[in-house]
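We're numbering straight along the sequence, starting at 1. Being a predicted model, the structure only gives us computed values, none of them experimental.
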Amino acid sequence: MAKNVVIVESVAKTKTIKKFLGKDYQVLSSVGHIKDLPKRNLGIDVDDSFQPQYITIRGKGKVLKDLKKAAETASEVFIATDPDREGEAIAWHIYEEIKSKNNHIQRILFNEITEKAVVDAIQHPLEISTNKVEAQKARRVLDRLVGYKISPILWQTIYRGLSAGRVQSVALRLIVEREREILAFVPKEYWSITAELQGEKSEPFLSSLIKINNKKIDIKNQQQAENIVSDLKTKKFAVKNISKKTVTRRPAPPFTTSTLQQEAARRLGFTSKRIMSIAQQLYEGVELGAEGSVGLITYMRTDSTRIAGEAVASVRDYIANAYGVQYLPQKPRFFKVKKGAQDAHEAIRPTSLKREPRKIKKFLSAEQYKLYELIWNRFVACQMSDAKLEQTTIDINAGDLVDQQVSGDYLFRTTGSIVVFRGFLLAYQDYQEEGGSQEGGNGASKLPHNLRKGELLKLLSLIPKQHFTKPPARFSESSLVKELDALGIGRPSTYALIISTLLMRKYIEKNARQLLPTELGFTVNDILVQNFPGIFNTEFTAQMEDELDRIELGDKDFLTVMQDFYQPLQQALEKTKSKKDKIRDSLIKDTEETCPECGKALIERWGRNGKFIGCSGYPECRFTRPLEGEQGHTDKICDKCEKPMVVKSGRYGRFLACSGYPSCTNVKPFTIGIACPRDNCDGEIVERRSKRGKVFYGCSKYPDCDFATWYLPVSLKCDNCGASYQEKRYSKQMGNYLYCPNCKSKHEQNSKDN
């Protein structure tokens with residue numbers, strides 16, 4: 001008897017699905033896309049309704065042959081590629097290739113790789129959605145037109161090999177514009193004043209000055225602060241009012257692709273690319289001992305917060321049993337799906353509440369466990385009771401004592417919250433509990449108890465502190481994903497690829513989780529924005545996403561969208577091509593030097609490895625050298641031939657190489673100029689890369705010395721313990737700061753250290 005054939009995208013799924021369906025089914029994989037546009041030419045006939053010219057991807061010939069052979073003898077063929085536009089396009093390509101071999105081909109969809117979901121899908125087959133296929137085709141054609149039409153402009157003006165992307169270039173623009181905001185930012189000085197006070201029966205506590213004469217404080221300089229402190233020392237302090245109120249906190253919705261990337265990046269420190277890779281593993285199936293391979297989460301590419309009814313019922317039973325009925329709201333929670341969401345799939349959730357993270361931890365890698373636990377906790381919490389907090393505000397007057405009462409010119413305030421019912425916080429902690437806080441930013445102290453209204457307080461000290469306004473924060477992967485999602489740019493499933501492409505192209509770089517544009521990134525962005533302002537902007541890109549959605553819904557057709565897009569693109573291209581020489585010349589800078597080989601002027605220009613100094617007589621004269629002070633030039637001398645060493649970049653990061661190459665091939669690790677801090681070690685700290693490409697710093701004497709750190713060491717003594725070096729670190733609370741690994745102290749980073 002002929003077997004039924006099920007075709008999926010990933011090899012990892014085949015074993016799991018085969019186990020569910022049994023011996024009457026053969027499960028094969030297409031190993032992703034089988035067809036795509038050609039790499040070496042545009043592959044789109046703009047004169048024939050923008051039809052793409054798909055070809056079989058190199059290396060997929062055998063895959064196609066095996067699929068056709070299996071289809072030829074199968075009773076029925078079920079195409080079970082992923083349930084999104086990309087998966088629909090793959091299904092369509094497979095169908096077109098095998099339809100001549102079998103008349104019984106059907107599309108099936110499942111949102112999770114569990115036995116029930118797979119069997120239900122087999123029992124309820126569908127047809128391939130032509131609207132989804134058209135929407136994916138439109139995205140592919142749009143991206144190809146931008147990439148193949150605009151990238152050559154960058155080749156002709158900067159250097160060959162650069163790329164422009166319809167969405168990636170807008171993401172680059174966001175990063176560049178944020179950096180320029182930071183560079184243009186002028187900090188403004190302001191001061192806060194905190195009083196340390198004590199009641200008759202309370203412990204000492206801090207309170208911040210918030211108003212003077214009923215006006216919000218605006219202390220601009222030290223002199224003003226000192227004058228206020230002097231006046232306050234003559235005043236009496238008394239409790240004006242104590243107010244308490246109960247505040248309710250609702251749990252967040254279950255994860256979408258975007259919020260998962262944001263939260264996992266923030267909490268776990270994973271890159272967007274890594275997050276999606278681990279989520280794919282959890283979705284496709286993990287070996288759980290005797291249970292075999294099982295998909296642990298639902299489909300991880302979704303923009304919906306919707307939850308299936310049976311999943312809601314299951315998690316409510318779990319909450320009642322695991323936490324108690326007091327943690328279960330009377331009715332299930334339903335979350336509003338944001339405007340513009342495709343809502344094709346559920347939110348990301350565990351496939352079964354029986355597989356608690358702690359019970360299957362031994363079967364998971366450390367990264368898989370962390371991400372699965374995060375998804376699990378967020379999902380369980382979303383159906384739990386609200387948390388209840390008691391918020392206390394203590395207002396304190398400072399002024400003259402009249403008739404045993406303080407008539408206040410100054411108003412101080414202390415606030416604090418305590419959790420009175422933890423609710424969902426038992427499962428998913430997204431609130432930092434504190435005993436008290438002050439509104440002046442001077443740190444927290446415990447909220448004072450046993451105070452009464454009208455009570456006179458003892459002034460222990462007054463603490464004036466200088467502050468400066470801070471520029472907007474640089475984007476991290478998490479905040480960039482959040483911004484792209486909020487603006488409706490791209491789709492959550494593409495964010496990881498956008499960021500990794502920008503890093504790979506060296507348009508941006510990462511420093512302590514912050515994304516910074518490189519000089520190349522600035523240059524590429526400026527050329528694209530100045531010459532294609534109608535294409536590389538957030539409004540237009542978001543509008544195009546809406547157009548793709550409308551194609552999927554059947555409200556708009558492929559050809560209309562292409563025509564509306566291509567005409568302004570072609571006009572901008574023709575205009576830009578006519579001035580490409582001007583653009584290229586504008587990137588060349590004159591120097592005051594002459595070529596040592598031919599006497600012509602030396603100029604600063606772009607090349608594949610960045611900017612360099614070259615002869616203006618090129619190609620007749622090929623003299624070049626690295627820029628002084630830029631990456632490439634060092635003051636180190638080769639110990640073999642005594643020529644200068646230069647900095648080069650390779651697969652494993654930067655390294656020092658002899659400028660006499662190829663006659664001298666001497667290379668050394670890239671040193672940052674700091675001696676190894678280990679006792680009795682004469683090594684230097686060098687820059688290295690891990691197997692995954694992450695930069696770290698270690699001793700040049702490895703393996704004899706195993707000193708290593710993820711953070712950039714700087715040769716500055718610690719004021720606290722006198723240690724010989726500190727590390728540059730970053731946090732949202734402190735911004736850039738210095739950290740001493742010896743005494744664990746943190747210090748603000750002075751301008752001289754930037």
Side-chain angles (χ1 to χ4, degrees), residues 39-42 143-166 168-173 175-176 179 498-509 515-532 535-536 572-591 593 595 597-598 600-633 646-651 653-655 657 659 661-662:
K39 286 188 175 182
R40 298 190 181 277
N41 56 66
L42 180 63
D143 291 344
R144 175 54 67 98
L145 287 171
V146 171
Y148 270 64
K149 293 284 187 179
I150 297 181
S151 294
I153 301 292
L154 299 177
W155 305 349
Q156 294 158 9
T157 54
I158 307 178
Y159 61 79
R160 193 170 184 84
L162 300 177
S163 71
R166 183 179 62 87
Q168 98 187 17
S169 298
V170 178
L172 173 62
R173 180 175 182 174
I175 296 169
V176 166
E179 190 67 21
I498 289 168
I499 295 170
S500 62
T501 300
L502 291 175
L503 288 165
M504 181 187 68
R505 294 289 181 187
K506 298 184 179 177
Y507 294 165
I508 63 172
E509 58 189 11
L515 302 178
L516 291 81
T518 61
E519 187 174 6
L520 176 60
F522 276 113
T523 305
V524 167
N525 174 76
D526 291 348
I527 290 174
L528 295 178
V529 172
Q530 289 167 14
N531 295 283
F532 302 93
I535 295 173
F536 297 111
L573 276 168
E574 290 171 4
K575 187 176 179 181
T576 305
K577 285 177 181 177
S578 67
K579 58 178 182 179
K580 65 177 184 292
D581 291 340
K582 276 187 180 180
I583 298 171
R584 184 175 58 245
D585 292 344
S586 71
L587 301 179
I588 295 174
K589 294 183 180 178
D590 294 330
T591 71
E593 299 178 74
C595 177
E597 294 186 4
C598 72
K600 291 184 178 179
L602 291 179
I603 55 176
E604 183 182 312
R605 63 189 303 167
W606 280 98
R608 182 173 291 275
N609 295 314
K611 280 191 168 182
F612 66 97
I613 297 292
C615 181
S616 58
Y618 177 86
E620 288 78 17
C621 178
R622 294 178 174 270
F623 173 81
T624 62
R625 67 169 171 78
L627 275 173
E628 298 289 335
E630 297 289 328
Q631 178 175 322
H633 181 79
V646 295
V647 180
K648 293 190 176 181
S649 294
R651 181 179 176 185
R654 293 185 290 180
F655 62 94
S659 59
Y661 179 85

NZ/K579: more than 12 non-hydrogen atoms of other groups inside 6.0 Å: yes

message: Taking the cut-offs as 6.0 angstrom to the six-membered ring centre and 45 degrees off its axis, would you call R505 and Y507 a cation-pi pair?
response: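 Geometry flag: not set, cation outside 6.0 Å or 45°.
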
Find the distance between [atom1] ([X]) and [atom2] ([Y]) and round it off to the nearest 0.5 Å.
X: I535; Y: L528; atom1: CD1; atom2: CG; value: 9.5 Å
X: L587; Y: D526; atom1: CG; atom2: CG; value: 9.0 Å
X: E593; Y: E604; atom1: CD; atom2: CD; value: 10.5 Å
X: L145; Y: L42; atom1: CG; atom2: CG; value: 6.0 Å
X: I150; Y: S163; atom1: CD1; atom2: OG; value: 11.0 Å
X: N531; Y: L154; atom1: CG; atom2: CG; value: 9.5 Å

Side-chain contact test, heavy atoms from C-beta onward, threshold under 4.5 Å: evaluate it for [X] versus [Y] and give yes or no.
X: F532; Y: I527; answer: no
X: F536; Y: L172; answer: no
X: I583; Y: T576; answer: yes
X: I508; Y: V176; answer: no
X: P152; Y: W155; answer: yes
X: W606; Y: E519; answer: yes

Which atom of [X] lies closest to which atom of [Y], heavy atoms considered:
X: P517; Y: F522; result: CG-CZ, 3.6 Å
X: I498; Y: Q168; result: CG2-CA, 4.0 Å
X: L602; Y: T591; result: O-OG1, 2.6 Å
X: V146; Y: R166; result: CG1-N, 3.6 Å
X: S151; Y: A164; result: OG-N, 2.9 Å
X: G617; Y: K600; result: CA-CD, 3.8 Å

- request: Please identify each residue that fulfils salt bridge (Lys or Arg N to Asp or Glu O under 4.0 Å) with R622, with sequence neighbours left out.
  value: none

query: With sequence neighbours left out, what residues match T518 under side chain to side chain contact (heavy atoms under 4.5 Å, CB included)?
result: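 With neighbours one apart ignored, the set is E509, L520.
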
message: Can you list everything that forms a side-chain hydrogen bond (donor to acceptor under 3.5 Å, both in side chains) with R605? Sequence neighbours excluded, please.
response: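 Checked R605 against side-chain hydrogen bond (donor to acceptor under 3.5 Å, both in side chains); zero matches.
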
query: Is any side-chain N of the basic residue among R584 and D581 closer than 4.0 Å to the acidic one's carboxylate O?
result: yes

